[in-house]
There are 2 protein chains.
Amino acid sequence: MIRADKKLFTPGPLNTKASVKEAALRDIGSRDYEFIEIVANVRQELLKIAGTSNDNGYEAVIMQGSGTYAVEGTLTTAIPEGGKVLNIINGAYGRRISTILDIHNIEHLDIIFAENELPNINIIEDAIKYNENIKYLSVIYCETTTGIINPIEEIMKIAKNYGIITIVDAMSIFGAIEINVNDMQIDYLISSSNKCIEGIPGFAFVIFNREVLVNTNRKKRTLSLDIFDQWKGLERDGQFRFTPPIQAILAFNQALVEMEAEGGVIARKAKYKRNAAIILKGMEALGFEKYLDNDKESYIINTFRYPKTIPFDFTTFYRRLNEKNLVIYPGKLTNEDCFRIGNIGELNEKDMETLLDAIESVVNEFKAI
Amino acid sequence: MIRADKKLFTPGPLNTKASVKEAALRDIGSRDYEFIEIVANVRQELLKIAGTSNDNGYEAVIMQGSGTYAVEGTLTTAIPEGGKVLNIINGAYGRRISTILDIHNIEHLDIIFAENELPNINIIEDAIKYNENIKYLSVIYCETTTGIINPIEEIMKIAKNYGIITIVDAMSIFGAIEINVNDMQIDYLISSSNKCIEGIPGFAFVIFNREVLVNTNRKKRTLSLDIFDQWKGLERDGQFRFTPPIQAILAFNQALVEMEAEGGVIARKAKYKRNAAIILKGMEALGFEKYLDNDKESYIINTFRYPKTIPFDFTTFYRRLNEKNLVIYPGKLTNEDCFRIGNIGELNEKDMETLLDAIESVVNEFKAI
């Protein structure tokens with residue numbers, strides 16, 4: 001029995017298809033033949049979604065834990081002793097990279113842009129130009145803090161002009177945007193199981209340029225999070241070094257089948273854009289102000305300011321929607337009160353309308369106070 | 001539909017109850033009220049199984065990833081800069097602790113015993129006595145390498161006599177042995193979701209002495225694996241710092257209910273002992289030699305030598321059993337060919353008999369060669 005559950009308008013964990021959850025309803029050995037085949041399939045499919053393959057010089061590695069584990073694993077494996085990173089920040093996840101680099105004593109220059117601004121390409125180029133010891137660049141593809149989608153192609157182009165190795169945290173957008181890591185010259189790309197592929201949480205993954213990683217003068221900084229060792233383990237016998245989240249991988253394997261059947265990345269992006277358009281139009285009609293300017297695209301998640309013209313209380317707002325089985329997401333901005341509505345996961349146009357109707361009714365309750 | 005699946009005679013991931021897997025068939029927000037309550041409940045129940053409570057000075061923290069993540073998290077959080085560890089080794093998991101300590105440049109003295117021997121208490125005491133700078137001790141409760149159960153009570157007693165802080169990796173036995181961390185004076189105890197509580201894989205957990213951790217002059221060695229930060233995050237608002245494996249936690253919560261209904265730790269231990277007794281008797285009758293001497297208890301998993309009197313090939317042996325949907329486990333000894341049969345998980349006496357019948361038939365095939 002699958003319980004009728006809440007609709008999650010969040011950046012993930014998300015609503016997933018019943019078939020995806022049902023695929024996890026099995027006990028299978030972590031070293032068993034069938035599981036090894038499934039893991040190999042998942043790794044190949046991830047490369048395809050990244051527009052590449054082993055033959056094109058890329059590898060995919062699965063890492064137990066949350067997305068942040070894979071971000072920390074990538075940074076600590078990819079950057080050698082003495083390596084210096086240009087870290088581009090316009091939200092909380094860029095700041096998190098900075099925190100990780102600090103903990104591991106990795107030198108970094110942070111370029112911090114406002115949370116409602118796209119990173120400025122000229123400033124990035126100047127920073128690279130005038131800091132010759134910078135050999136690595138890290139950036140967030142879609143900053144979940146606001147939903148802003150950063151200009152990754154342009155940033156990668158500049159990085160490559162200067163021979164910089166690139167690390168892209170594509171956590172909340174991988175699978176819902178056309179990516180070709182070869183063409184875009186992305187060396188490391190990170191995402192997780194419970195985002196746009198619409199699996200359940202339990203692992204993250206890294207797609208990386210084999211030659212770049214192999215040629216890195218690696219410093220072993222952790223056992224668990226080392227993506228080189230994790231990759232070597234998977235290559236050796238198809239097995240994980242340490243117990244994998246089997247059921248999350250079974251579910252993800254099914255999510256990949258469902259995604260392909262639905263039309264892949266293009267269809268998924270179109271679905272989220274439809275959902276986003278309904279929310280943006282509806283919220284505007286209800287008097288909510290979008291945080292990002294209209295020239296900033298954001299179809300994964302949208303940020304709205306607390307309304308000032310009605311007696312608004314977020315905790316009440318959240319709880320009243322939750323009572324209707326509709327789960328929205330709090331804000332994460334540094335200096336402004338806001339909340340967020342996600343468009344991703346197994347949500348359709350009707351779900352978005354249902355949420356808007358519920359928001360209208362709660363707004364009317366506030367107005368009646 | 002739950003697929004009739006293989007029987008897993010492994011140290012985990014294991015066979016789990018249908019009700020446990022079904023509990024995972026839900027989408028629920030990671031920051032949602034209901035999930036926060038479930039997480040709080042799981043943490044309390046873990047303390048109970050460890051024979052303690054918050055009032056007794058202990059805390060339980062859940063950590064995303066495999067058991068090794070929590071071992072690395074505990075070692076790197078519990079041991080300050082300059083701290084020296086006495087690491088007791090009689091198998092692969094003790095050696096893994098040594099590897100982790102090396103990677104993090106934590107000084108350690110390894111005392112290595114044979115894989116078929118219990119750690120010698122006098123040698124441990126002497127090592128502590130003559131190395132005054134040793135302030136930490138790490139040891140494996142049940143070495144899955146052989147199945148040997150180490151004399152933790154005696155080791156803890158000595159450690160405490162010398163004021164040593166203790167870290168016990170109880171991965172494969174927690175839930176199937178009576179533990180009282182207060183009486184035994186264990187400061188840190190580690191296990192994972194897919195062992196004797198019989199949940200699905202996806203996370204590990206650490207039960208720790210609050211005062212000991214709070215008073216540690218901590219060095220921040222990682223972001224993701226820091227158990228102090230993880231604990232503080234859970235204490236702040238009941239939420240995880242980073243996306244938790246929601247479905248694995250839902251399944252585990254149900255596994256705890258099922259375990260309690262079955263009679264808790266005592267009943268679970270009795271079940272595994274029954275399973276082990278059948279296997280040991282049956283394997284002996286089939287001419288297999290147990291690796292451990294009879295005075296070493298091992299009811300979690302048992303190790304058997306490759307037979308020498310028949311033309312035995314392990315790959316064929318494994319594959320033929322696998323074709324009958326029976327999954328055994330390869331060996332991990334340093335210097336002897338062996339395989340292992342696990343007794344834990346949702347396996348009953350009939351399952352053990354089924355395995356023995358299948359082994360007999362494969363042995364007869366070998367004899368007929």
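Please read these numbers as outputs of a predicted model, since none were measured by experiment. Residue numbers begin at 1 in each chain, while the letters A, B, ... track the order of the sequences.
In plain terms, the two heavy atoms of B:P13 and A:S30 that are nearest each other are CD-OG, 3.5 Å.
Side-chain contact between A:R31 and B:V327 is absent, with no heavy atoms from C-beta onward closer than 4.5 Å.
With a 4.5 Å cut-off on non-hydrogen atoms, B:R241 touches chain A through its backbone but not through its side chain. Residue B:T16 touches chain A through both its backbone and its side chain, counting heavy-atom pairs closer than 4.5 Å. Only the side chain of A:L8 has a heavy atom closer than 4.5 Å to any heavy atom of chain B. Contacts between B:D102 and chain A at a heavy-atom distance below 4.5 Å are absent for every atom of the residue. With a 4.5 Å cut-off on non-hydrogen atoms, B:Y329 touches chain A through its side chain but not through its backbone.
Taken to the nearest 0.5 Å, the CD1 atom of B:I97 stands 11.0 Å off from the CG atom of A:L223. Annotation: the span from B:I103 atom CD1 to A:K220 atom NZ amounts to 5.0 Å, rounded to 0.5 Å. Atom CG of A:N15 sits about 5.0 Å away from atom CG of B:D27, to the nearest 0.5 Å. With rounding to the nearest 0.5 Å, the separation of OG1 in B:T243 from CE in A:M171 is 8.5 Å.
Side-chain contact, B:Q64 with A:S66: no donor N or O sits under 3.5 Å from an acceptor N or O.
With chain B as partner, the option from A:T10, A:L225, A:D226 having the largest number of non-hydrogen pairs under 4.5 angstrom is A:L225. Note on A:N322, A:T99, A:I100: by heavy-atom pairs under 4.5 Å with chain B, the leading option is A:N322.
For A:Q247 (side chain) and B:I200 (main-chain N/O), no donor-acceptor pair under 3.5 Å exists by modelled atom type.
Between A:K6 and B:D32 there is a salt bridge, since at least one side-chain N of the basic residue sits less than 4.0 Å from a carboxylate O of the acidic one.
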**Request:** Could you walk me through whether A:R221 and B:T222 pass side-chain contact (heavy atoms from CB on, under 4.5 Å), step by step?
**Result:** CA-CA 9 Å; A:R221 292 189 173 91; B:T222 74; over 6 Å; no
**Request:** Begin with the C-alpha distance, continue with both residues' side-chain angles, and end with the deciding distance and a verdict on side-chain contact (heavy atoms from CB on, under 4.5 Å) for A:E72 and B:F242.
**Result:** CA-CA 12 Å; A:E72 185 165 12; B:F242 314 128; over 6 Å; no
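When the shell of 6.0 Å around CG of A:N217 is examined, it contains 12 or fewer heavy atoms from other residues, nucleotides or ligands.
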